[in-house]
Amino acid sequence: MKIGNRMAAIAALVPKSRCVADIGTDHAYLPTYLVTEGIAERAVAGDIHKGPYLSAIQTVKMLGLDEKISVRLGDGLAVLTPNEADVGIIAGMGGTTIAGILSARPEITNNFTLLVLQPMSTASYLRRWLVENEWEIVDEVLVTEDGIIYEIIVAQPGCSAKYQSLMYDIGPVLWAKRHPLLKEHLTLKADNIKSVLAQMQASSEAINSLKYREYQEKLAQLEDKIACL
Ligand SMILES: C[S@@+](CC[C@H](N)C(=O)[O-])C[C@H]1O[C@@H](n2cnc3c(N)ncnc32)[C@H](O)[C@@H]1O
């Protein structure tokens, strides 16, 4: 079964598991890949919307995996019972949405032995949520697909050191391992901040705001880090 770079990178971070839960599964490509490759014995594929749920059912049926993959319609972790899945995967949603899904059902979240998360935005919010909720960030990967860089975060239960604020934006493990795509990733982040600052310069009220100074400070800190790579 062929999957793209982003999904392959997510799958490569999933250890041999009894049962994985892929929340927001869409076509169920990831759980079908994990089960077909023998990485997961079983999977639960959940989605909140009827269209993706029906697509997931179709994929699972077509591959004859009905006995091993249970497709369920529902919001976030509500489709699971405690201890049903050992690995939780949430990919392709905003970091704030992912954190919201994890906090909505602590009785399910706290039973995962591993989380593999791929936020499309606000990764810093998600990292902070993990650290503040006793999840240790144990691995991070950057992967490119169609010219876009994606961040993947792996966390396990445990206390980690509180990081300095900028590290939640950069990714502590990405920084520690000096990931080969990190310079490009951080340069894109710095460019985004520069364009926000440029837009704010059109208004004297914006230039004198706290937000403007915060962006300036973050940009300077990011540029210092980029210079070290
Ligand atoms: C952009 S797709 C990502 C699909 C797949 N996980 C991937 O990474 O390619 C996001 C999916 O998440 C689903 N979704 C959004 N919010 C959800 C929630 N609270 N619970 C379950 N699924 C959700 C959407 O219906 C959609 O199918």
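Fair warning: this is a prediction, and the values are worked out from it, not measured in the lab. Here, residue 1 is the first one in the sequence, and each next residue gets the next number.
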S.K.: Going by side chain to side chain donor-acceptor pair (under 3.5 Å), name the pairs with one or both residues in residues 37-51, residues two or more places apart or in two chains.
M.R.: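 Sorted pair list comes back empty.
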S.K.: After noting the C-alpha distance and the side-chain angles of Val116 and Ile152, does the key distance pass the side chain to side chain contact (heavy atoms under 4.5 Å, CB included) rule?
M.R.: CA-CA 7 Å; Val116 181; Ile152 310 171; 4.0 Å; yes
S.K.: Quick one: salt bridge (charged side-chain N to carboxylate O under 4.0 Å, His left out) partners of Asp26, sequence neighbours excluded?
M.R.: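 By the salt bridge (charged side-chain N to carboxylate O under 4.0 Å, His left out) rule, Asp26 matches no residue at all.
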S.K.: For a quick test of your reading: what N or O donor-acceptor pairs under 3.5 Å do the side chains of residues 88-105 make, sequence neighbours left out?
M.R.:
| unit_1 | atom_1 | unit_2 | atom_2 | d |
| --- | --- | --- | --- | --- |
| Thr96 | OG1 | Thr122 | OG1 | 3.1 |
| Ser103 | OG | Ala99 | O | 2.6 |

S.K.: Taking the side chain as everything from C-beta on, heavy atoms only, tell me whether Ser165 gets closer than 4.5 Å to Gln221.
M.R.: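 No, every pair of side-chain atoms sits at 4.5 Å or beyond.
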S.K.: Output a table of donor-acceptor pairs, distance under 3.5 Å, between side-chain atoms of residues 13-21 and any protein atom two or more places apart or on a different chain; print 'none' if there are none.
M.R.:
| unit_1 | atom_1 | unit_2 | atom_2 | d |
| --- | --- | --- | --- | --- |
| Lys16 | NZ | Gly38 | O | 3.1 |
| Ser17 | OG | Pro15 | O | 2.6 |
| Arg18 | NH1 | Glu84 | O | 3.1 |
| Arg18 | NH2 | Asn83 | O | 3.1 |

S.K.: Who passes salt bridge (charged side-chain N to carboxylate O under 4.0 Å, His left out) against Lys68, sequence neighbours left out?
M.R.: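 Applying salt bridge (charged side-chain N to carboxylate O under 4.0 Å, His left out) to Lys68 gives none.
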S.K.: Are Met167 and Lys225 side-chain neighbours, meaning at least one heavy-atom pair lies under 4.5 Å?
M.R.: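 Of all side-chain heavy-atom pairs linking Lys225 with Met167, at least one is under 4.5 Å.
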S.K.: Restricting to ring-ring contact (aromatic ring centres under 6.0 Å, His included), what partner residues turn up for Tyr33, sequence neighbours left out?
M.R.: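 Testing Tyr33 for ring-ring contact (aromatic ring centres under 6.0 Å, His included), a comparison that skips the adjacent residues, returns none.
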S.K.: So if you build clusters from Ile, Leu, Val, Met, Phe, Trp, Tyr with side-chain heavy-atom gaps below 4.5 Å, do Leu126 and Val138 land together?
M.R.: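 Each belongs to a different hydrophobic cluster.
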S.K.: Are Cys228 and Trp175 packed together at the side-chain level, in the sense that at least one heavy-atom pair is separated by less than 4.5 angstrom?
M.R.: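 They are in contact (side-chain heavy atoms under 4.5 Å apart), so the answer is yes.
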S.K.: Is it the case that atom CD in Gln164 sees more than 12 heavy atoms from other parts of the structure closer than 6.0 Å?
M.R.: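 Result for CD/Gln164: enclosed.
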S.K.: Any sub-3.5 Å donor-acceptor pair from Thr32's side-chain atoms to Tyr29's backbone N or O?
M.R.: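 Yes.
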S.K.: Measure the CD-CD1 distance between Glu214 and Ile193 for me, rounded to the nearest 0.5 Å.
M.R.: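 Reported value, rounded in 0.5 Å steps: 11.5 Å.
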S.K.: Count I, L, V, M, F, W, Y as connected when their side-chain heavy atoms are under 4.5 Å apart, and connections chain through other members. Are Tyr125 and Val173 then in the same cluster?
M.R.: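 No, because Tyr125 and Val173 fall into different hydrophobic clusters, even though each may have its own neighbours under 4.5 Å.
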S.K.: Please tell me if the side chains of Val79 and Tyr53 come closer than 4.5 Å, counting only heavy atoms from C-beta onward.
M.R.: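 Val79 vs Tyr53: side chains apart.
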S.K.: Got a sec, which pairs hit side chain to side chain donor-acceptor pair (under 3.5 Å) with one end in residues 142-160, sequence neighbours left out?
M.R.: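 Pairs touching residues 142-160 that pass the test: Arg127-Glu151.
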S.K.: Give me the atom names and distance for the closest heavy-atom approach of Ala206 to Ser203.
M.R.: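 Scanning both residues completely, I find the closest heavy atoms to be N-OG, 2.9 Å.
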S.K.: So Tyr163 and Ile170, do their side chains get closer than 4.5 Å, heavy atoms only?
M.R.: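 A side-chain contact is absent here, since even the closest heavy-atom pair is not under 4.5 Å.
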S.K.: Considering residues at least two apart in sequence or located in another chain, which fulfil the side chain to side chain donor-acceptor pair (under 3.5 Å) criterion with Lys189?
M.R.: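 By the side chain to side chain donor-acceptor pair (under 3.5 Å) rule, Lys189 matches no residue at all.
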S.K.: State whether the side chain of His185 and the backbone N or O of Leu142 hold a donor-acceptor pair below 3.5 Å, judged by distance alone.
M.R.: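 No; zero donor-acceptor contacts below 3.5 Å.
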S.K.: If you group Ile, Leu, Val, Met, Phe, Trp and Tyr by side-chain heavy-atom gaps below 4.5 Å, do Leu77 and Ile153 land in one group?
M.R.: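 Same hydrophobic cluster.
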S.K.: Between CZ of Arg72 and CD1 of Ile23, what distance do you get to the nearest 0.5 Å?
M.R.: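 Those atoms lie 9.0 Å apart.
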S.K.: Check whether any side-chain heavy atom of Asp66 sits under 4.5 Å from a side-chain heavy atom of Lys61, and report yes or no.
M.R.: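 Side chain of Asp66 against side chain of Lys61, heavy atoms only: contact under 4.5 Å found.
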S.K.: What residues form a ring-ring contact (aromatic ring centres under 6.0 Å, His included) with Tyr212, not counting sequence neighbours?
M.R.: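 Partners of Tyr212 under the ring-ring contact (aromatic ring centres under 6.0 Å, His included) test: none.
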S.K.: Within a strict 4.5 Å, meaning less than it, do heavy atoms of the Ile10 and Val143 side chains meet?
M.R.: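 Ile10 vs Val143: side chains apart.
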S.K.: Would you say Val141 ends up clustered with Leu174 if hydrophobic residues are merged whenever their side chains have heavy atoms under 4.5 Å apart, either directly or through other cluster members?
M.R.: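 No, it is not one cluster - the side chains of Leu174 and Val141 are not joined through contacts under 4.5 Å.
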S.K.: Is there any side chain to side chain donor-acceptor pair (under 3.5 Å) pair reaching into residues 109-121, and which pairs are they, with sequence neighbours excluded?
M.R.: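 Qualifying pairs: Arg6-Gln118.
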S.K.: For Lys177, give me all partners under salt bridge (charged side-chain N to carboxylate O under 4.0 Å, His left out), at least two apart in sequence or on another chain.
M.R.: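 Lys177: salt bridge (charged side-chain N to carboxylate O under 4.0 Å, His left out) contacts with Asp139.
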S.K.: Measure the CG-SG distance between Asn133 and Cys159 for me, rounded to the nearest 0.5 Å.
M.R.: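 Atom-to-atom, Asn133:CG and Cys159:SG are 11.0 Å apart.
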S.K.: So how far is it from Ile149 CD1 to Leu186 CG, rounded to the nearest 0.5 Å?
M.R.: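 If I round to the nearest 0.5 Å, the distance is 9.0 Å.
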S.K.: State which residues pass salt bridge (charged side-chain N to carboxylate O under 4.0 Å, His left out) with Glu223; sequence neighbours excluded, sorted by chain then number.
M.R.: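 Per chain and number, Glu223 pairs via salt bridge (charged side-chain N to carboxylate O under 4.0 Å, His left out) with Lys194.
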S.K.: Can you check side chain to side chain contact (heavy atoms under 4.5 Å, CB included) on Gln201 and Ile207, steps first, answer last?
M.R.: CA-CA 6 Å; Gln201 278 155 15; Ile207 289 183; 4.0 Å; yes
S.K.: Which atom names give the shortest non-hydrogen contact between Ala56 and Val71, and what distance separates them?
M.R.: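 What the structure gives for the nearest pair is CB-CG1, 3.7 Å.
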S.K.: Measure the CG-CE distance between Leu34 and Met7 for me, rounded to the nearest 0.5 Å.
M.R.: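 Result: 9.5 Å between the selected atoms.
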S.K.: Just do the side chain to side chain contact (heavy atoms under 4.5 Å, CB included) check on Leu166 and Leu222 with the steps written out, would you?
M.R.: CA-CA 8 Å; Leu166 190 70; Leu222 260 183; 4.2 Å; yes
S.K.: Taking side chain as C-beta onward, heavy atoms only, is Leu130 less than 4.5 Å from Leu117?
M.R.: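 Side-chain contact under 4.5 Å: yes.
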S.K.: Return the minimal non-hydrogen interatomic distance between Ile137 and Pro172, and the atom names on each side.
M.R.: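 Closest heavy-atom pair between Ile137 and Pro172: CD1-CG, 4.3 Å.
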S.K.: State, to 0.1 Å, how close Glu140 and Gly171 come at their nearest heavy-atom pair, and which atoms those are.
M.R.: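 Smallest heavy-atom distance, with atoms named: OE1-C, 3.1 Å.
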S.K.: Atom CG in Asp224, atom CG in Leu219: separation rounded to 0.5 Å?
M.R.: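 Taking CG in Asp224 and CG in Leu219, the distance rounds to 10.0 Å.
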S.K.: Treat each ILVMFWY residue as a node, draw an edge where side-chain heavy atoms are under 4.5 Å apart, and state whether Ile148 and Leu188 are in one component.
M.R.: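 Per the 4.5 Å side-chain linkage, Ile148 and Leu188 are not co-clustered.
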S.K.: Looking at every non-hydrogen atom in both residues, tell me the closest pair between Leu30 and Ala11 and how far apart they are.
M.R.: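 The pair with the smallest heavy-atom distance is CD1-CB, 4.1 Å.
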